[in-house]
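Have a look at the structure below, then the notes.
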Amino acid sequence: MTNAEVSRSLRELALYLEMDGVPFKPQAYERAAYAIASLDRPVSTLYEEGGATAMLGIPGVGKGIANRIVELVREGKCKDLERYRSDVPVDIASLTELEGLGPKRVMTLWKKLGIRSIGDLERAIEQGRLRHLPGFGSGTESNLRESIRAWRQHAGRWPIGEVLRLARVLEQRLRGAASVESASVAGSLRRLSTTVGDLDYLVVTSKPRSVMELFAGMPEVERVYAKGSTKTMVRLEQGIDADLRVVPKESFGAALQYFTGSKAHNVALRRIAISKGLKLSEYGLFRGDKSVGGRTEEELYRALGLEFIPPELREDEGEIEAASEKRLPRLIEPALLRGDLQVHTKWTDGRGSIEDMALAARELGLEYIAITDHTRDLAMTGGLDEERLLKQMDLIRETDKNIKGIRLLSGAEVNIRRDGTLDIEDEVLARLDVVGAAVHSHFSLSREESTRRLVRAMENPHVDIIFHPSARRLGGRQPIDIDLDAVFDAALRTGTVMEIDAQPERLDLDPRHVREAVRRGVMMVISSDAHDARELRFTEEYGIGVARRGWAEAGHILNTLPLHKLLERLKDGRGARPSPDRRRKKRRRRQDRERREA
DNA sequence: GCCGTTTTCGGCCCGACTGTTTTCAGTCG
């Protein structure tokens, strides 16, 4: 069983327990399910290596749940879950995905009407059978009808790239409204999560009614679910839901913190509050009835004895411990990026000329960019062969001379073939300033094959960077299956850099992998993969967020360096040989070591 | 069922909204 399957089973158990009205266990199972889903390694491997004891190392897993996991891994099923499924044979996981339907009502629907699936529910609603059930009514019936429609249209979450700009537009509109004192987007969007479930807004205002009217009446609003004095919920035309809350001025920080989440982070903060004899809610931090913080987030974290934790880190994955020990990372900032090492032009599938891209990059304040068009194998894009690549290199040099204020590097996005070889001759690669290599085909090779393929490409002495290492497309293509450990080993051994590709449908490396790279000391770059001038902004809009969620500091990201330093750190060309100075130092260190050992 | 710098027992995050019923359960975030 994969981690996802184990996690799903535990989550299903949690739902059944909740349906039964069992106290506390559901949250315990939920927490364990979450922990399993976020594991880096297969839980089956952990079990093979360390048996049931190894399960206890997973946060939220104790003896009871460890046994369930072992059962799932060994048998592919577990007795408790099977029993629940035969007692109450309903698709509880899907049904509870519907807005307005939880485990208790699922139980009622099953008992009274024999409803087992969303399809059953839909038929019962059409026949008008729900409105006669205890606790249900015609209002509930029509709400559930709408929920099913929405669920069918968009099950799941949105890639951040599909909603970020819309979210910012609404935020600006709220900020600009006459009676609004402050306004902010919160939720997973503020944490710059890779995917977003809905949009959450908070405002401080003296005229709640009029702000609610404004929000519910926006042209983007398709439907109003609820409109109260403190909360309004709407669905936007695009299909995503948006919530607006009005909060008291003195609670804005506490509310912003609370609604930014994540849930796990909030739960952990509340525990800390309790341990200090305080009570934390979205209204503030209280000792008895007295507020001791909540006007701003900074004040709130300080009152809890913590450094301010940037939203991107709020996942309860070590940030709270780090904040209490004053060792949070100094996260990278957009202004620190000096260059962009993946830029496309009209020479292949881009829409701007070399000059267009250079001027736009200079406008953004960048000091250098590398032109990295596709190569031969990507015939679809008009991929360049050796001859055209050399020709382009000449033009890049010439353009570089003519445009002041930005340096142009010659490069390429070379294709990695199925066997790990490249589609451009080494002699030509050697003449480029920057060589990126990337996977564009054969996405479903075995883990061994995919890993070997990437490692072989990294072993090429001319390959500086692996572009979009997992080749995933959010909401589309799954990542290729690689042994990340082995790939990072190879990166360290060969001095190959990993890219954080900021195209919103890629975001690749994933933040989780960035964090691992940071831990291992693997160097990265953040690039836009821009195909026209406007896309150069992707690095600051999305790429920085990915890096920050991965705990990256400027020192982990090579394109924060000035050009000459950057080139020193790349594999060949001007960076291939350590400078004489570095060689001397290295020799001295070796001699010191030998003397000590002698 | 999990967890421990007050605890190996006794806690476990907290409040708003809806629909329904008329004082509250269920759901959500």
Side-chain angles (χ1 to χ4, degrees), chain A residues 10 13-35 55-69 80 95-109 130-144 146-147 186-188 196-202 208 212 224-233 241-248 251 254-255 257-286 305 316 321 324-325:
Chain A
L10 295 178
L13 266 169
L15 288 169
Y16 275 120
L17 289 163
E18 207 173 324
M19 175 190 260
D20 261 0
V22 179
F24 305 118
K25 288 192 192 184
Q27 293 88 308
Y29 275 88
E30 187 73 33
R31 204 164 105 76
Y34 177 80
M55 305 296 116
L56 299 176
I58 303 167
V61 175
K63 261 165 69 182
I65 293 181
N67 287 334
R68 300 290 171 289
I69 297 172
D80 286 355
L95 283 165
T96 52
E97 273 177 28
L98 297 177
E99 178 92 13
L101 194 57
K104 295 273 167 56
R105 282 176 163 175
V106 167
M107 179 68 138
T108 307
L109 290 171
L130 250 60
R131 65 188 70 164
H132 306 302
L133 295 179
F136 288 73
S138 55
T140 311
E141 199 174 78
S142 67
N143 283 341
L144 285 175
E146 177 55 28
S147 294
S188 50
V196 174
D198 60 9
L199 304 178
D200 296 303
Y201 292 95
L202 301 179
M212 292 306 189
V224 180
Y225 292 114
K227 184 147 73 82
S229 60
T230 63
K231 180 177 171 184
T232 292
M233 298 167 68
D241 291 344
D243 299 349
L244 173 68
R245 288 180 174 78
V246 172
V247 301
S251 305
Q257 191 289 311
Y258 179 79
F259 288 108
T260 296
S262 66
K263 196 170 176 179
H265 178 87
N266 288 357
V267 168
L269 282 194
R270 291 205 169 175
R271 290 223 174 89
I272 292 180
I274 291 168
S275 76
K276 292 180 181 297
L278 304 171
K279 192 183 72 159
L280 178 60
S281 76
E282 59 263 48
Y283 293 106
L285 185 63
F286 298 94
D316 191 25
E321 294 78 358
S324 72
E325 293 161 15

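Per chain, numbering begins at 1; letters A, B, ... match sequence-line order. Remember, it's a predicted structure, so these values are computed and weren't measured experimentally.
A straight line from CD1 of A:Ile272 to C1' of B:dC13 spans 13 Å, rounded to a whole angstrom. A:Leu280 places its CG atom 12 Å from the C1' atom of B:dG15, with the value rounded to the nearest Å. If you take CZ of A:Phe24 and C1' of B:dC9, they are 14 Å apart, rounded to a whole angstrom. In this structure, the NZ atom of A:Lys263 is 9 Å from the P atom of B:dG29, given to the nearest Å. Atom CZ in A:Phe136 sits roughly 18 Å away from atom P in B:dT18 (whole-Å rounding).
Not counting sequence neighbours, A:Arg31 has no partner by the side-chain contact (heavy atoms from CB on, under 4.5 Å) test.
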Could you pull out every donor-acceptor pair under 3.5 Å between side chains of residues 13-29 of chain A and any protein atom, sequence neighbours left out?
| from | atom 1 | to | atom 2 | distance (Å) |
| --- | --- | --- | --- | --- |
| A:Tyr16 | OH | A:Val88 | O | 3.0 |
| A:Tyr16 | OH | A:Val90 | O | 3.4 |
| A:Asp20 | OD2 | A:Tyr84 | OH | 3.0 |

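Relative to the ring axis of A:Phe136, A:Arg105 places its NZ or CZ within 45° and under 6.0 Å from the centre.
The shortest distance between the side-chain N/O atoms of A:Arg271 and the OP1/OP2 oxygens of B:dG4 is not below 4.0 Å. For A:Thr140 and B:dT20, the shortest distance from a side-chain N or O to OP1 or OP2 is below 4.0 Å.
Of the two residues near DNA chain B, A:Leu98 and A:Ile65, the one whose nearest nucleotide lies more 5' is A:Ile65. Taking for each of A:Ser275 and A:Asp80 the nucleotide of DNA chain B with the nearest heavy atom, the 5'-most of the two is the partner of A:Asp80.
Applying the Watson-Crick and G-U wobble criteria (two distances, each under 3.5 Å), B:dG19 pairs with B:dC24.
The base of B:dG15 does not come close enough to the side chain of A:Tyr283 for any donor and acceptor atom to sit less than 3.5 Å apart.
The side chain of A:Lys104 lies closest to B:dG26, out of B:dG1, B:dG26, B:dC17.
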